[in-house]
Colleague: 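Following this message is one structure expressed as structure tokens.
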Amino acid sequence: MAKASKSQNTAPSAAEKPTKEAVQDNTPVIDLPRSITVRQLADNLKIDSIGIIKQLMRNGIMANINQVIDYETASSVVASFGFKAHLTPIKDQLLASAVEEGKRRKQKYGKDSANLVTRPPVVTVMGHVDHGKTKLLDAIRKTNVVDSEAGGITQHIGAYQVTIDGQKITFLDTPGHEAFTAMRAHGANITDITILVVAADDGVMPQTKEAINHARAAGVPIVVAINKIDKDNADPNRVKQQLTEAGLVIEEWGGNIVAVEVSAKEKKGIKQLLESVLLVAEMEELKANPNLPAAGVVIEAEMDKTMGPLATVLIQSGTLKEEDTVVVGTTWGRVRAMFNDNGKRIKKAEPSMPVEILGLDEVPEVGDTLTAATDERHAQAILTRRRAEKEKESLKNQAVNLDNLYDQINTGKVKELNVILKTDVQGSLEPIRTSLERLGGEEVKVRIIHSAAGNVTESDVMLAAASNGLIIGFNVSATEGAKHLANTTGVDISFYKIIYTLIDEVEKALKGMLEPKYVEVIEGRADVRAVFSAGKGAKAAGVMVAEGKVTRNAQVRVRRGKETLVESTVISLKRFKDDAKEVQAGYECGVGVKDFNDFKVGDVLEFYKVEKSRR
Ligand code: GDP
């Protein structure tokens, strides 16, 4: 899209008060699409978005910076700034974005480009619950089955390939953005294209918006399937309107998003949908070199009672062959047999093909990468390196939180603070979002990657984990599942009840001025079973560790009923006569507590440590 070019004397500077009179025939022209967000318009005009928002207000339109405005509204705004609008033809828009994309891909593939061949796109299906994701995946699978095979085929693994007009498409069979983002959180960005299913009778719903944000955060292009058009109350136009409001402007309306009307139930529109996917795939120029040793990602893994570890792997480049030695995550093996999506034994698998492999030493994790090795020694070398890297990563790869934000900015690890914002009511979103975005400076930008009303969910945590972001909740709480996931992934969730405090803390965190907060983490509990002398008048408690563990030097609280007798530290920890560093639940040990001798059988010792908190 052409950017604004101003001739020296004719146009007033954007900072001057705009007047309509400035528009004359020699006015500079600016190309605009049929619809555009306020932010994009500001970028094109090279002025601050606030200027656009103010001008819209003068025209009686209240809009925020992400709002989509139509061509007519945008033309009157640009006129106020001394430009004449010109409607960009759709073809040019598509071409421009395809050229940009192509450039990006070529850079990515580098010198290997001579050996690259086109590979099938890998597609996931996302959308709101009950909008027909499963049914659509089913319809697509069945569309592809040739008559002679019908009924005879049962899908074997969590992905399948279909052939349309002689070209293949790979579908990942776990619908929903949770699965999609879980893979990303593992660092496995395997989706090339997302089909966003929106039911024509229900329209754009919260999870539809979530899915859009998840796909955007991953930079994955979207093809929209407007489903259930067979229903009497289907209203595809309303869906298109809502999609535009959500920032997805479809081709028909001047945008570059392809939307296809389908009925998964009656299997209508499926072929067009698949053709659209292929079209987008073509623009994406998806390529891989099949002549290399294979590389891929685990999409499913399990332990089979008779066959041992089984893993379904999506091949991303190279060709995997039977008998290849492979390293998968931190395990390895020799491919004893491979099966395709129909359970048929195959000898080789090429890029974008999902295959089930047999012969690994252990069950790998979903998201682990597969690398083919030249021989066993090479495999062992890769394994050693990977295990060391994994250990280093787990130490180094600390998730960003308000306490370490400043350090992460300074070490260059964070340039953009990705925030997921959850509030109790819709009305609080905008003011908080605007204030947060304004906090960003030269070094770091605050980017709200997802915002919605409602409690913090697992899906929010996964998105944060995948985008190295943090979650801010205003007057909301987190679901149990979300809390658990935040703990295991290290994602920071901060809750606030006062907008001022929220903004203030984020601002301080950005500037490195935030005072740390400390919380207590319970490490274990033990029941006193006996009391014995520890010399020099001191007493020790003979305990059974009931939960967690006891460590030497831990902080400890002695409880009798509801009363806390003392808060102190462990000074001695013994298993039989020997000193111990730690004792796990289920074992007995002797514990001495600093400055405390008054143990009684039945007392409870609670061991804890104090940590910097996630606020
Ligand atoms: P998911 O939660 O998105 O996976 O949705 P499902 O695929 O389970 O579909 C939810 C419900 O909508 C089921 O009862 C389907 O039979 C129904 N459904 C799905 N697609 C269509 C469609 O094209 N037309 C009609 N009438 N119903 C559909």
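Just follow the structure's listing: the first ligand is 1, and inside any ligand the first atom is 1.
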Colleague: Can you tell me if Lys268 has a non-hydrogen atom under 4.0 Å from ligand 1?
Modeller: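 So Lys268 does not count as touching ligand 1.
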Colleague: Within ligand 1, which atoms have a heavy atom of His128 less than 4.0 Å away?
Modeller: 3 (O)
Colleague: Answer yes if the ring centres of Tyr160 and Phe171 are under 6.0 angstrom apart, and no otherwise.
Modeller: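 Ring centroids of Tyr160 and Phe171 are less than 6.0 Å from each other.
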Colleague: Could you work out, with salt bridge (Lys or Arg N to Asp or Glu O under 4.0 Å) as the rule, every residue matching Lys228, not counting sequence neighbours?
Modeller: none
Colleague: Are the charged groups of Arg39 and Asp43 less than 4.0 angstrom apart, N to O?
Modeller: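 The answer is no: the pair does not qualify as a salt bridge.
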Colleague: Output all residues satisfying salt bridge (Lys or Arg N to Asp or Glu O under 4.0 Å) with Glu275, sequence neighbours left out; order by chain, then residue number.
Modeller: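 Glu275 satisfies salt bridge (Lys or Arg N to Asp or Glu O under 4.0 Å) with Lys271 only.
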Colleague: With respect to atom 11 (C) of ligand 1, which of Lys231, Lys228, Lys267 exhibits the smallest heavy-atom separation?
Modeller: Lys228
Colleague: Checking the N or O distance criterion of under 3.5 Å, is ligand 1 in contact with Gly132?
Modeller: yes
Colleague: Can you tell me which portion of Asn227 lies within the under-4.0 Å heavy-atom range of ligand 1? Options are side chain, backbone, both, or neither.
Modeller: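 Near ligand 1, Asn227 shows its side chain, while the N, CA, C and O stay back.
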Colleague: Would you mind running through ligand 1 and noting each atom that sits below 4.0 Å from a heavy atom of Asp130?
Modeller: 1 (P), 2 (O), 3 (O), 5 (O), 10 (C), 12 (O)
Colleague: What atoms in ligand 1 come closer than 4.0 Å to a heavy atom of Ser263?
Modeller: 23 (O)
Colleague: Ile472 versus Val506: any side-chain heavy-atom pair under 4.5 Å?
Modeller: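 Yes; the side chains approach each other to less than 4.5 Å.
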Colleague: Take atom CD in Glu266; do more than 12 heavy atoms of anything else shown fall under 6.0 Å from it?
Modeller: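 Yes - once you tally the heavy atoms of other residues, nucleotides and ligands closer than 6.0 Å, there are more than 12.
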Colleague: With a 4.0 Å cut-off, would you call Glu437 and Arg447 a salt bridge?
Modeller: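 Salt bridge flag = no for Arg447 with Glu437.
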Colleague: Provide the number and element of each atom of ligand 1 under 4.0 Å from a heavy atom of Lys135.
Modeller: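 It comes down to these atoms of ligand 1: 7 (O), 15 (C), 16 (O), 19 (C), 20 (N).
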Colleague: Could you tell me whether Glu266 approaches ligand 1 through its side chain, its backbone, both or neither, with non-hydrogen atoms closer than 4.0 Å?
Modeller: neither
